[in-house]
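To keep things clear, I will list the structure first and then write my remarks on it.
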Protein chains: 2
Amino acid sequence: MKRNTWQREAVREALDDTEGFISAQALHGALHQTGSPIGLATVYRALGDLAANGEADSLQSPDGEALYRACSTTGHHHHLICRNCGLTVEIAADEVEAWAKRVAADHGFTAAAHVVDVFGLCANCTKLLAAGEQPLA
Amino acid sequence: MKRNTWQREAVREALDDTEGFISAQALHGALHQTGSPIGLATVYRALGDLAANGEADSLQSPDGEALYRACSTTGHHHHLICRNCGLTVEIAADEVEAWAKRVAADHGFTAAAHVVDVFGLCANCTKLLAAGEQPLA
DNA sequence: GTGATTTTGACAACCATTATCAATAAGCGT
DNA sequence: ACGCTTATTGATAATGGTTGTCAAAATCAC
Ligand SMILES: [Mn+2]
Ligand SMILES: [Mn+2]
Ligand SMILES: [Zn+2]
Ligand SMILES: [Zn+2]
């Protein structure tokens with residue numbers, strides 16, 4: 001049976017305290033800074049479990065890193081993500097859902113799923129970068 | 001200036017001969033099987049260049065591997081991909097383009113890009129799997 | 001509390017991708 | 001055609017995220 005450990009709870013809380021998407025490594029770093037001695041492998045395992053249970057959303061960053069986020073919305077939705085600071089907006093996109101279903105059906109595809117993510121610079125980061133600040137400071 | 005080499009042309013042709021999306025490693029393997037002595041690093045570079053020039057499309061597979069495909073359509077478009085056999089249909093989706101732009105603008109995001117891919121089982125694979133065949137045979 | 005079983009975590013292994021850099025070769029001027 | 005400049009190649013090392021290993025520690029049913 002599945003056992004409850006403080007490590008899994010720590011990962012859940014750390015993920016909740018994070019604004020946007022975050023990598024396993026970054027979350028492990030954040031936990032360490034709070035004094036937690038949790039191991040890196042454990043963070044990977046906990047995040048994988050959360051994603052499998054639907055408690056967290058995951059996506060592949062454009063450079064192939066897996067990112068995780070605790071979602072406030074329970075149902076199916078998508079994300080608008082700042083590629084500089086990670087700020088994330090959850091998006092309900094009925095329009096795109098319908099489009100995806102239609103496209104698959106029109107071509108005889110079954111068991112269709114879709115990946116829909118929008119990356120950009122949030123208003124704040126746009127301002128900062130225009131002022132000559134460095135990205136990801 | 002940019003020079004023309006048989007290696008780049010070999011990668012272009014190998015990519016054209018491929019039905020669906022393929023990884024750099026797999027393409028390198030395919031080239032080797034035809035007797036080509038091309039180096040792996042060169043395949044990575046050539047694919048990166050093709051993608052940068054818009055001659056190839058690239059996407060991150062669900063497990064974080066970069067996949068490439070020679071596009072017949074020159075403009076921006078998306079893909080409907082069979083997760084079993086790799087068969088790919090190119091999709092023009094003005095509706096989704098407009099949606100992505102609107103979503104970004106509505107939230108003050110700039111420099112927006114989007115990832116939109118639909119994965120499913122093509123008609124043929126649906127039939128085969130229903131008949132009890134194994135996936136990815 | 002005891003013990004079977006799960007979980008952890010330091011570390012190694014893995015694997016895709018990128019950086020090195022000496023050797024090679026494209027292509028311009030001659 | 002011939003050098004010469006310089007982009008390109010490719011064997012190899014390095015990088016970096018992720019997963020596997022396995023003995024030690026922790027959980028929980030009894
Ligand atoms: Mn959707
Ligand atoms: Mn698009
Ligand atoms: Zn931002
Ligand atoms: Zn198929």
What is the distance, to the nearest angstrom, from the [atom1] atom on [X] to the [atom2] atom on [N]?
| X | N | atom1 | atom2 | answer |
| --- | --- | --- | --- | --- |
| H28(B) | dC15(C) | NE2 | C1' | 15 Å |
| E9(B) | dT8(D) | CD | P | 15 Å |
| L67(A) | dG17(D) | CG | C1' | 12 Å |
| K2(B) | dT9(D) | NZ | P | 10 Å |
| D49(A) | dT18(D) | CG | P | 15 Å |
| D63(A) | dT18(D) | CG | C1' | 14 Å |
| Q25(B) | dT18(C) | CD | P | 11 Å |
| L47(A) | dT7(C) | CG | P | 16 Å |

Exercise for the section: Flag the pair R8(B) and E55(B) as a salt bridge only when some basic side-chain nitrogen lies within less than 4.0 angstrom of an acidic carboxylate oxygen. Expected result: no
Practice task
Please work out whether the ring planes of H77(B) and H79(B) are parallel, tilted or perpendicular, with thresholds of 30° and 60°.
Solution key: perpendicular
Practice task
Verify the cluster assignment for V103(A) and V116(B): are they in a single hydrophobic cluster under the rule of side-chain heavy atoms below 4.5 Å apart?
Solution key: yes
Handout entry: Cluster check L50(B), L59(B): I/L/V/M/F/W/Y, side chain < 4.5 angstrom
Key = no
Fill in the blank from the handout: Note: for N4(A) and A24(B) on DNA chain C, the residue whose nearest nucleotide lies more 5' is N4(A)
Completion exercise
Residue pair T5(B)/G64(B) against DNA chain C: nearer the 5' end by closest nucleotide is G64(B)
Handout entry: Nearest-neighbour nucleotide for the R3(B) side chain, dT18(C), dT6(D), dT8(C) considered
Key = dT6(D)
Practice task
Please tell me which of the listed nucleotides, dT7(C), dG17(D), dT8(D), lies nearest to the side chain of E65(A)?
Solution key: dG17(D)
Handout entry: E9(A), CD atom: more than 12 neighbouring heavy atoms under 6.0 Å
Key = yes
Exercise for the section: Can you establish whether the number of heavy atoms outside E19(A) located under 6.0 Å from its atom CD is more than 12? Expected result: no
Exercise for the section: Output yes when at least one side-chain N/O atom of Y44(A) is less than 4.0 Å from OP1 or OP2 of dT19(D), else no. Expected result: no
Which atoms of nucleotides 10-14 of chain D (N or O only) lie under 3.5 Å from a protein N or O atom, and what are those distances?
from	atom 1	to	atom 2	distance (Å)
dG10(D)	OP1	Q7(B)	NE2	3.2
dG10(D)	OP2	G39(B)	N	3.1
dG10(D)	OP2	T42(B)	OG1	2.6
dG10(D)	N7	R45(B)	NH2	2.4
dG10(D)	O6	R45(B)	NH1	3.4

Exercise for the section: Start with the C-alpha gap between Q7(A) and T42(A), add the side-chain angles, then the distance that decides, and say whether side chain to side chain donor-acceptor pair (under 3.5 Å) holds. Expected result: CA-CA 7 Å; Q7(A) 285 94 336; T42(A) 301; 5.8 Å; no
